[in-house]
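Below you'll find the structure, written out as structure tokens, and then a few comments.
Order of the sequence lines fixes the chain letters, A, B, ..., with proteins taken first and strands second; residue numbering starts at 1 for each chain. Since the model is a prediction, treat every value here as computed from it, not as a measurement. Just the heavy atoms: all of them, side chains too, but no hydrogens, waters or symmetry mates, feed the values below.
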Amino acid sequence: MSTGSQLNDKQYEAMKYVQGPLLVLAGAGSGKTSVITQKIAYLVKQCGIPAYRITAMTFTNKAAREMKERVGKLLSREEAKGLSVSTFHTFGLNLLRLELKHLPLKNNFSILDADDCKRILMDLMQRDNLSGAESKELIAKAMKKISDWKNDLIIPEQAHSVCETVEDVQLAHLYQLYERNLRAYNAVDFDDLIVMPTRLLQENAEVREKWQNRVRYLLVDEYQDTNTAQYTLVKLLVGVMGQFTAVGDDDQSIYAWRGAKPENMALLKEDFHNLNVIKLEQNYRSTSRILKAANAVIGNNPHIFDKKLWSDKGHGETIRIITCLNDDDEAERVVKDLITHKLMNGKSWKDYAILYRGNFQARVLETQLRQMQIPYKLSGGQSFFARAEIKDVMSYLRLIINPEDDSAFLRIINTPKRAIGPVTLEKLGLFAQENTLSLLTASSDQRLSMVLPKKAATQLHEFADFIATFTRELLDDDEPVPKVRQMINEAGYIDYVREQAATPAQEKTKLDNIESLYTSIQNLINRADDVDEKNIESVIRKLVLLDLLEQQQEEEDTDKVNLLTLHAAKGLEFPYVYMIGLEEELLPHKNSIAAETIEEERRLMYVGITRARQGLTLTLAEQRKNGGQMRQMTPSRFLDELPQDELEWHGRKKKLAPNVDPKEQAQQHLANLRALLKR
DNA sequence: AGTGTGGTTATTTTT
DNA sequence: TAACCACACT
């Protein structure tokens, strides 16, 4: 990524083009962030558009942060005032907050994460008597389907009419109940943060005009990752004026399985006839040999816009392919190779990245790295907010802000143990339902003693009183963090963590996590530029959308080898990259072969290759442990797609007589044929 | 309400 | 292989 402020001709053209809709096809490493940030500065300084009328949208908090930082270097504080650079979701959240009166939400609404939504669905299914055994699978399906429907802007009533199977009908019904539930809790899920604003702008002309007027110029990053709802939102915001720049790369679309529609790039051409397309093909990252490999691989995919990366960095080192005996051997060779390379070339650990398809592949690497005492950083895996202790503390806070948040209530009512079991909760739920109360308000209701044993009723009253007390004290406190700490302590939660922890180390991590949550709340309060955003309510709500772990990790800018999945590697670059597990059924992944979505796997391969600046090493294993069983592997088809004369093979090239299951072999053969036919 | 056992099952996961 | 979950037992 070029940090210099000098733009090349194409980049300059993209910056200056403001008279209509623009699509920038930004190849990997072509300096797209520079174009976006420079363009924002250009719009303010040269075009005289005030910053508060410019909106830039990204997908990750990290991207938004980086963009803000870089714009900050180009514009003065005064010039940048009111500029909106945020993720789609944060933008949606802000819109919702400002347009509450047009929405079925009250001002203290909660944002539920995937975990909360799962609980709600589980609850609904039980009530619906949809059995318990296969429920887990069904819930996963339901979550996926509901999210798909939402992202396609299909409301529950419409969902019924698009059903193809009996199961779909069930799920549509579940979707309807789920939506009703969220509204009753005064809560939204992540998808709602996009979908609700979109629908509002669709249906309400007045609000739409207001926002179109406010967003005079829109910039969208990673456009290839937008889903239908997001694209619709973009269209509604830019209106007929079409004053926007979309930056994207269809070759780096690797989130289709999550609803992203790379076809949105082609749609743009149809929806805006005067769309200007500028290609950024000069790559500032990699050697030309690496780019040749990348171009060759991606050349096997169909393209709407043709694009070929080039660089003036010279040929560079040859690309190595190492065939290993098995996964242990692979990890060992990669790590040893890395150490040797580092010592011989005087590099740092952080110059190296090991990329893989699935998180499970990190395990062997970790063992190996630990054995060799090499510092490493594992990204991905469990997110900060998925951790139980964080979710628990957050639930206390959510309940304070929104007493209707039953999801939060259920999470903490018996954490720490308050002798409130499932029987009590069922009765409480029934009582709440009959009287249309939330679980928390129901808990403080005096009539409760008529339906519950005395002890249970007292426990619930006590809990409700506890929350009420702290609600009163917290909401008008200028320094809420000490109060929060006091509340969590008095709730007995800290003691609970101490007792619960299996090891002293685990106890420490958990307590540290809680501490860093406090710190983050404090930071958010300090950093809020708006008085309106300083209050604890809006801080807590924002917190759900942030991944603090990411921030934490970034702050400790230490020298460590990077271990990441190919997905997590997108947008990053490293001087030396190892891509491991280049085998059929792994990359491309088994399920993708079956689903015939090889193209997306190929893009994943492309993303991996283009992360490397100077050195690229690919490895594969002849055998791999698969659920305790050693399995014979076939080299990935993508290896055949590489320019063979740029490669250097190490280890045994040909595999020995494999004992492949004949059925599998037949399937393999079919898949290969299909791939050939597609070309 | 909390512990233990056996059976099942393995992608990717920006918010 | 190991992690996770449901269910049964104490």
Choosing from C/dA3, B/dT12, B/dT14, which nucleotide comes nearest the side chain of A/Arg363? C/dA3

With side chains defined as the heavy atoms from C-beta onward, is the minimum distance between A/Asn562 and A/Tyr376 less than 4.5 Å? no

Distance test, side-chain N/O of A/Thr58 to OP1/OP2 of B/dT14, below 4.0 Å: no

Between A/Asn151 (CG) and B/dT15 (C1'), how many Å, whole number? 11 Å

Tell me, with the steps shown, if A/Tyr493 and A/Asp392 meet side chain to side chain donor-acceptor pair (under 3.5 Å). CA-CA 9 Å; A/Tyr493 188 75; A/Asp392 291 341; 2.6 Å; yes

Value in whole Å for how far the C1' atom of B/dT11 lies from CG of A/Asn359: 9 Å

What integer distance in Å separates A/Asp113:CG from B/dT14:P? 12 Å

In whole Å, I'd like the distance from the CH2 atom of A/Trp257 to the C1' atom of B/dT11. 8 Å

For the pair A/Phe59 and A/Phe88, name the ring-plane relationship: parallel under 30°, tilted 30 to 60°, perpendicular over 60°. tilted

Could you state the NZ-P distance from A/Lys570 to B/dT14, rounded to the nearest angstrom? 12 Å

Centroid under 5.5 Å and tilt under 30°, A/His89 to B/dT15: no

At under 4.0 Å, does any side-chain N or O of A/Asn61 touch on OP1 or OP2 of B/dT14? no

Among B/dT14, B/dT13, B/dT11, the nucleotide that comes nearest once only the side chain of A/Thr60 is considered: B/dT14

Send over the distance from A/Asp328 CG to C/dT1 C1', rounded to a whole Å. 12 Å

B/dT15 pyrimidine/purine six-ring stacking with A/Phe59, under 5.5 Å and 30°: no

Answer with base, sugar-phosphate or nothing: what part of the nucleic acid does A/Phe88 contact at a heavy-atom distance below 4.0 Å? nothing

Tell me, with the steps shown, if A/Ser147 and A/Arg258 meet side chain to side chain donor-acceptor pair (under 3.5 Å). CA-CA 9 Å; A/Ser147 180; A/Arg258 256 191 125 198; over 6 Å; no

Just the rounded figure in Å: distance from P of B/dT13 to OH of A/Tyr356. 9 Å

Please state whether the rings of A/His567 and A/Trp257 are parallel, tilted or perpendicular, taking 30° and 60° as the class boundaries. perpendicular

Consider the side chain of A/Arg258, meaning its heavy atoms from C-beta on, and name the nucleotide among B/dT11, B/dT12, B/dT15 that approaches it most closely. B/dT15

Candidates B/dT14, B/dT11, B/dT13 - which lies nearest the side chain of A/Phe360: B/dT11

Give me the distance, rounded to whole Å, that separates C/dC4 from B/dT11 when you measure between the P atoms they each carry. 13 Å

Take atom CG of A/Leu566 and atom C1' of B/dT14, then tell me their distance rounded to the nearest Å. 15 Å

How would you label the contact of A/Asp225 with the nucleic acid (heavy atoms, under 4.0 Å): base, sugar-phosphate, or nothing? base

